[in-house]
Each structure stands twice: as structure tokens, then as C-alpha cells.
Amino acid sequence: MQELSQSPPTQVAVVVAGAGARGGYEAGVLSVLVPRLYNAGVETLTFVGTSAGAINATIFAALSHLPPDEQAQQALQIWRNITVSDVFRSPITGFPGIAGRFAGQLLQVPGVRLTNLLDTDPLRRTVQRAIDWGQLRTNTTNGRCSLAVVATSGADDRTVVFVDRAGTTPVPPPDDERPIHYVAAQIMPEHVLASSAIPIVFPPVYVSKPETCEGWYLDGGIRLNAPLKPALALGADAIALVATHPEADPGTSAPPSGSPPDVDDVVVRLIDAALVDRMIEDLRTLAKINALVDSTEVESPTGRPRKVIPFLPIGPPERPSLGHLADEIFENQRLRDQGLMRMLRQAELRILGRALGGDGPRRGDLFSYLYFDKEFIEASIELGRHDAEDAFAGSQPDQVPWRIGPRQPLPTRERSNVADLPNHRQGARKYRS
């Protein structure tokens, strides 16, 4: 493994991947990572996020005027206050409307179309309420931080990166290789909601500003779930990547089965191929470029000399970690909660759990993206903090273990059991009432 030998970076991009309900895990990682970056002398953070990562990026950017530890605590409190009713309406009440729109589209009724399966009006209100948008504007205008959120254009399928930063520095030129289009914007709720519009499940979001990019947008994870390339284009000296999957994975083994993979298993594998494998490929590419720059003079396509870009990826040690955690908590709740009122309060999650749980080797993985349950979020936060502290293990408080090359996967650890999380039981009891 190659280690960083140059002077510590001062302009760092914090890249936060898409995650859905796994955003609590990312918030846990960020609550450790952001204070450590500032303690190490980082002067300016550029937060770059996709989907739930865009929500986390925006939360921390809006809190960047506060002391780092206070930023972390307030961000975690936002996630701890979220319930499923803050994200989408009950599928029970929404099903008749969905069925009606599906029938209307099938019968080609003019103006009737099925665009989504869940009503996310509550998420719009939550995003507007939980984030101080006026303070965000002050923070980016004063140069305390920069913010970029990633969405996918419904018109041409291009990745659009909305960039909010101080000064008059132009945004990067279009990148036709991916393709990526950069747009200067004042980030507002519509941009963050557009980045978080999970295809099929959540409705597309209409973005009105800036007028040159007006139109319908979908989740940024469709094409760029871990936006490393935009972070480089925006001038980062180093990249800290926060994701809910590991940077490398030797693969998961499952006992032989006479049954074919169920729909949930197939969808999970499609998610891995679309969202995770590209992230791993980008990290490997960055490591290869760093190795070339470290050994010889290499020019970028613009003609400027390349520089070594140190990076620090933080995620769970295994891909199924959060899926196993979601499955275990859901099953514990199902066995424990027998009261009628409690069952009714959890009806939305019970329906989703039954529909998305599956019985294959990746049981719970798909469900974990929509499991907006306080107990799961609390456990995810603890797991994120634990993995972030592991990433900094052995480093001084004012140091970051930056790397410029690949490393071997860490030994497999059993981390999916709820009991392994030291503070989870206390936190879970707090939210059961």
C-alpha cells in the first residue's frame, strides 16, 4: 500500500455516495470524519453528494459555520428525528391512487401516467424544515465551504452537477466521456430532492433554477452514485469518500441452493453493478493515476501536469453489512411488537419488509435502502461511527491516514449482529416507546 509522502492537503472534497435510508450510516461516518479533517488542518471542505449523500452533504454544508463537533451532533440529531412518515406516505393509503394511475396508463387515458410508487411529499417538507437554507447560502457565499449535488436529467440522461460556491470561478467544462454537465446554482430544496428521486419508487422532481437547466430530474445515482470525478474537477487536493459499501470486495459466498435467485437478490446484484462497481473502478483508476504521477511526468487532457490526489475511503467491511443489520432489526421488531397500535404504526415498514425482504443470501439488502426506522437509523449511525474510528485507528488526532494507492481488503469481521454495536441497545430502547 502506498502512503502519502507530500505535504498534507488543505482543500478536501468529502464525497458522499447515494444510500437511501442508509444515510444514517453515512451521517455516523461524517460525524467522525469532518472533525478529524478540521483537526488535521484542512482549510476548506467541498461537499459533493448524490441522493441521500446529497442530503448529508447539504446538512453538513449548512452547519459548517459551527465548531466541528457541534456540526456532527446537530447532523446526527436530524437523522435521529427522521421516521418513515417524514419520507413517504403510507403505501396502504397510496395504493388505490397508484392502481388507478396504472390502469389509466394501461388504458391510455389522456394525461394519466404512473411515474412513481411512493408519495414523497413528506420528504419535501422534511428537507425544507431540517436544513437552514438561509445559513447554507451564507456559508457558501462566505467561502466556509462549497457544495455540489448530483442529479440525472430526465431530458437527455446526462449527469448534472449543481455547484454552489463562493466567488466567480467558472464551473468545470462539460465532460463528454461520462457524460457530466456542471451548472453554477444556488442549491435549494428542489436540487437536493431531485438528486434523491430514486427511480420508479420516488417521483421525478422539477428543477426551475437556473432557467438554462429547467426540467425534470431523477436520482443522481443512476449514472454517478459516488461522484469522485466531479470532486477532482472542482479542484480538490484530496478526497474523502463516504459510502455504504466497501472499496473492495472479495465477493460473498452463499450455501448451495436448489432454488433460483429471487427477485430481491437479482435487484441487489443490479444495484451493485450500477452503483458499487463503478465506485470501485474509479478508486482503482485514481490509484493507478497516482502511481503514474508519482513515478513520471504525466499530463492531463487539458495539458496541465497531473498531481497526486490522496484519498481516504470509509465504508463497511462487507457489502451485505447494512442489509444484515436491517434484516435483524426488522425480525426482532416483528417478534417483539405484538400490540395492535404498535403494529399499525409500523404498517408501512412491515409491508415493505415483507415485500423486499426476500429469502436469498442478500436478504434485507434491498429493504435497507427504504428502512426509515428509528432503531435501524440509530444502529446505522453507531456502525458508521465505529467504521470511521477504525479508519483512523493508529493515527494521531491531527493526522489523516491518506493513501495514494490500493490496499488489500481488511479481514472479514462479523459486524451484522445488533449486539456487536456497543451503544445500540441503549439507543434502541430509547426509541421503542
Side-chain angles (χ1 to χ4, degrees), residues 1-17 26 29-50 53 56-57 60 64 68 145-148 165 172 224-243 245-248 278-302 304-317 384 387-410:
M1 178 178 70
Q2 293 173 286
E3 303 290 348
L4 179 66
S5 59
Q6 62 190 45
S7 58
T10 59
Q11 311 293 319
V12 174
V14 178
V15 175
V16 197
E26 293 182 334
V29 172
L30 290 165
S31 71
V32 175
L33 172 64
V34 170
R36 289 295 297 256
L37 291 174
Y38 281 122
N39 289 342
V42 173
E43 297 173 359
T44 305
L45 293 180
T46 297
F47 294 96
V48 187
T50 297
N56 271 317
F60 273 86
S64 61
C145 68
S146 297
L147 175 64
R165 59 182 177 181
L224 200 61
N225 194 58
L228 294 168
K229 201 166 188 181
L232 294 173
L234 292 170
D237 294 332
I239 294 176
L241 171 63
V242 180
H245 297 83
E247 61 171 297
R278 173 58 68 87
M279 176 192 80
I280 294 173
E281 177 187 336
D282 284 351
L283 280 173
R284 289 174 177 169
T285 300
L286 180 56
K288 290 177 181 178
I289 293 174
N290 282 342
L292 288 172
V293 175
D294 209 27
S295 61
T296 185
E297 185 79 6
V298 178
E299 287 191 352
S300 69
T302 62
R304 295 190 299 270
R306 292 189 186 272
K307 60 182 180 180
V308 171
I309 302 294
F311 57 92
L312 176 65
I314 305 179
D387 289 340
E389 288 165 356
D390 275 359
F392 283 94
S395 300
Q396 297 298 319
D398 60 347
Q399 293 179 340
V400 176
W402 296 114
R403 294 161 38 205
I404 62 172
R407 75 173 177 190
Q408 297 300 317
L410 293 173

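Both backbone and side-chain heavy atoms feed into the values below; hydrogens, waters and symmetry mates do not.
To the nearest 0.5 Å, atoms OG1 (Thr46) and CD1 (Ile239) are separated by 10.5 Å. Rounding to the nearest 0.5 angstrom, the gap separating the CZ atom in Phe60 from the CG atom in Leu147 is 13.0 Å. Taking CG from Asn39 and CD from Gln396, the interatomic distance works out to 12.0 Å, rounded to the nearest 0.5 Å. To the nearest 0.5 Å, the span separating CG on Asp237 from OG1 on Thr10 amounts to 5.0 Å. Atoms CD and CE, from Glu247 and Met279 in turn, are 8.0 Å apart once rounded to the nearest 0.5 Å. Once rounded to the nearest 0.5 Å, the distance linking CG of Leu241 with CG of Leu33 reads 10.0 Å.
Across all non-hydrogen atoms, the minimal contact from Gly384 to Val29 is O-CG2, 3.3 Å. Across Val48 and Pro227, no two heavy atoms sit closer than the pair CG1-CG, 3.7 Å. Between Val42 and Leu45, the shortest heavy-atom contact is CG1-CD2, 3.6 Å. Here the shortest heavy-atom pairing between Ala236 and Ala13 reads CB-CB, 3.6 Å. Here the shortest heavy-atom pairing between Pro401 and Ala391 reads CG-O, 3.3 Å. Scanning all heavy atoms of the two residues, the minimum distance from Ala240 to Trp402 falls at N-CZ3, 4.3 Å.
In this view, Arg36 and Val32, Phe392, Ser395 satisfy the side-chain contact (heavy atoms from CB on, under 4.5 Å) rule, not counting sequence neighbours. For Pro172, the side-chain contact (heavy atoms from CB on, under 4.5 Å) criterion is met by Arg165, Tyr182, Ala233, Leu234, not counting sequence neighbours. Applying the salt bridge (charged side-chain N to carboxylate O under 4.0 Å, His left out) rule to Glu43 yields no partners; only residues at least two apart in sequence or on another chain are considered. Every residue was checked against the side-chain hydrogen bond (donor to acceptor under 3.5 Å, both in side chains) condition with Ser146, not counting sequence neighbours, and none meets it. Ser64 meets the side-chain hydrogen bond (donor to acceptor under 3.5 Å, both in side chains) test with Asn139; sequence neighbours excluded.
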Could you go step by step and tell me if Val15 and Phe311 meet the side-chain contact (heavy atoms from CB on, under 4.5 Å) rule? CA-CA 10 Å; Val15 175; Phe311 57 92; over 6 Å; no

Given Leu228 and Leu286, is the side-chain contact (heavy atoms from CB on, under 4.5 Å) satisfied, shown in steps? CA-CA 9 Å; Leu228 294 168; Leu286 180 56; 5.7 Å; no

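Proximity of a side-chain donor or acceptor of Thr50 to a complementary backbone N or O of Leu224 within less than 3.5 Å is detected.
Counting heavy atoms from C-beta outward, Pro8 and Gln399 have side chains that stay 4.5 Å or more apart.
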